[in-house]
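All remarks here apply to the structure that follows.
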Amino acid sequence: MNLGISGKRAIVCASSKGLGKGVAEKLAEAGVHLTLNGRTEETLHATATQIVEKYHVHVQIVAADVTTEEGRRKLLAAEPQPDILINNAGGPPAGLWSDWDENDWHKAVNANMLTPILLMKAVLPGMISRKWGRVVNITSGSVKSPIPQLGLSNAARGGLTGFVAGTARQVARHGVIINNLLPGSHETDRIHQLMQSNAAREGISVEQAKAAAHAENPTGRFGTTGEFGAAGAFLCSQYSGYIVGQNLLLDGGAFNSTLG
Ligand code: NAP
């Protein structure tokens with residue numbers, strides 16, 4: 001399927017690995033030029049090289065912490081007028097509701113709520129004036145069904161979800177489309193860390209923790225970054241113009257419900 005976005009320009013935050021990289025690759029496959037981001041320059045460089053060699057699009061890298069004002073400034077200086085923005089950052093640490101102090105809460109809200117909101121605020125005016133734009137926020141299945149050990153994520157991403165619900169409906173008439181992608185468990189470094197933490201808590205091996213998580217899912221497995229990236233690229237396509245302010249859950253059916 002031709003997504004109709006060849007030649008567009010995208011900022012993909014936190015995209016040297018994992019889900020962000022998955023979306024970046026599918027955008028590149030659709031002919032989108034990329035600004036990639038991550039904190040570790042070597043990984044970022046390796047990902048950029050891989051994508052350029054495979055898809056022949058223009059790729060620039062910005063090694064910076066997207067959750068800082070300085071990081072966002074660098075990103076926007078490199079690509080001031082993106083057609084597409086993919087918001088993403090690392091997830092907060094696991095723990096219990098009783099573990100986190102005020103500073104932990106500030107960090108989580110900054111990374112998983114304020115950072116995407118501030119980036120949207122920066123790029124939406126240009127998208128509105130050009131009458132076309134796409135924003136996809138990578139959030140989490142935790143906004144729909146809370147994950148007990150990820151209270152920081154449940155709450156901070158819930159705030160972002162509320163912002164998107166209102167804002168997406170205010171900018172859609174200008175051809176600017178904002179949606180959220182909610183990952184369930186996907187095969188990335190992040191899920192490996194969570195499996196390590198589950199294994200330690202339950203006194204089992206990481207392999208046993210993974211096998212148990214696979215068995216719980218209706219598909220019997222974790223999702224792939226390729227599947228996730230393809231859904232993200234579709235939400236950035238010419239065909240997503242009537243999908244507004246939605247929360248697309250990609251969890252292999254783990255959330256058990258008849259509707260919604
Ligand atoms: P990952 O495999 O650990 O990859 C994270 C990527 O983001 C890396 O490229 C990392 O590079 C970059 N990054 C992290 N913090 C950053 C920052 N502050 N500034 C710039 N780049 C940063 O994680 P993932 O699994 O793709 O997860 C992505 C997001 O989805 C996270 O917020 C995670 O909590 C959420 N999520 C994931 C799953 C899952 O199953 N994988 C499920 C639900 C939600 P550097 O470390 O070099 O910066």
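Closest of all the heavy-atom pairs between Leu76 and Ala122 is CD1-CB, 3.6 Å. Annotation for Ala233 and Lys26: closest pair CB-CB, 3.7 Å, computed over non-hydrogen atoms.
Lys21 and Gln50 form a side-chain donor-acceptor contact under 3.5 Å, judged by distance and modelled atom types alone. Using modelled atom types and a 3.5 Å distance limit, the side chains of Ser153 and Ser142 yield a donor-acceptor pair.
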Identify every side-chain donor-acceptor pair in residues 85-94 under 3.5 Å, counting partners at least two apart or on other chains, and give the distances.
unit_1	atom_1	unit_2	atom_2	d
Asn87	ND2	Pro116	O	3.4
Asn87	ND2	Asn137	OD1	2.9
Asn88	ND2	Ala14	O	3.0

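A donor-acceptor contact shorter than 3.5 Å links the side chain of Asn179 to the backbone of Gly245. Remark: side-chain polar atoms of Asp251 are paired, donor with acceptor, to backbone N or O of Phe255 under 3.5 angstrom.
Glu187 has no carboxylate O lying under 4.0 Å from a charged side-chain N of Lys17, or vice versa, which leaves the two without a salt bridge.
Judged as a ring-ring contact (aromatic ring centres under 6.0 Å, His included), and not counting sequence neighbours, the contacts of His186 are Phe228.
In summary, of the residues considered (Arg72, Lys74, Arg73), a side-chain hydrogen bond (donor to acceptor under 3.5 Å, both in side chains) with Glu70 occurs for Arg73 alone.
Val62 has its side chain out of reach of Leu36: every pair of non-hydrogen atoms, C-beta onward, lies at least 4.5 Å apart.
Cation-pi check for Lys8 over Trp132 is met; the charged atom lies under 6.0 angstrom from the ring centroid and within 45 degrees of its normal.
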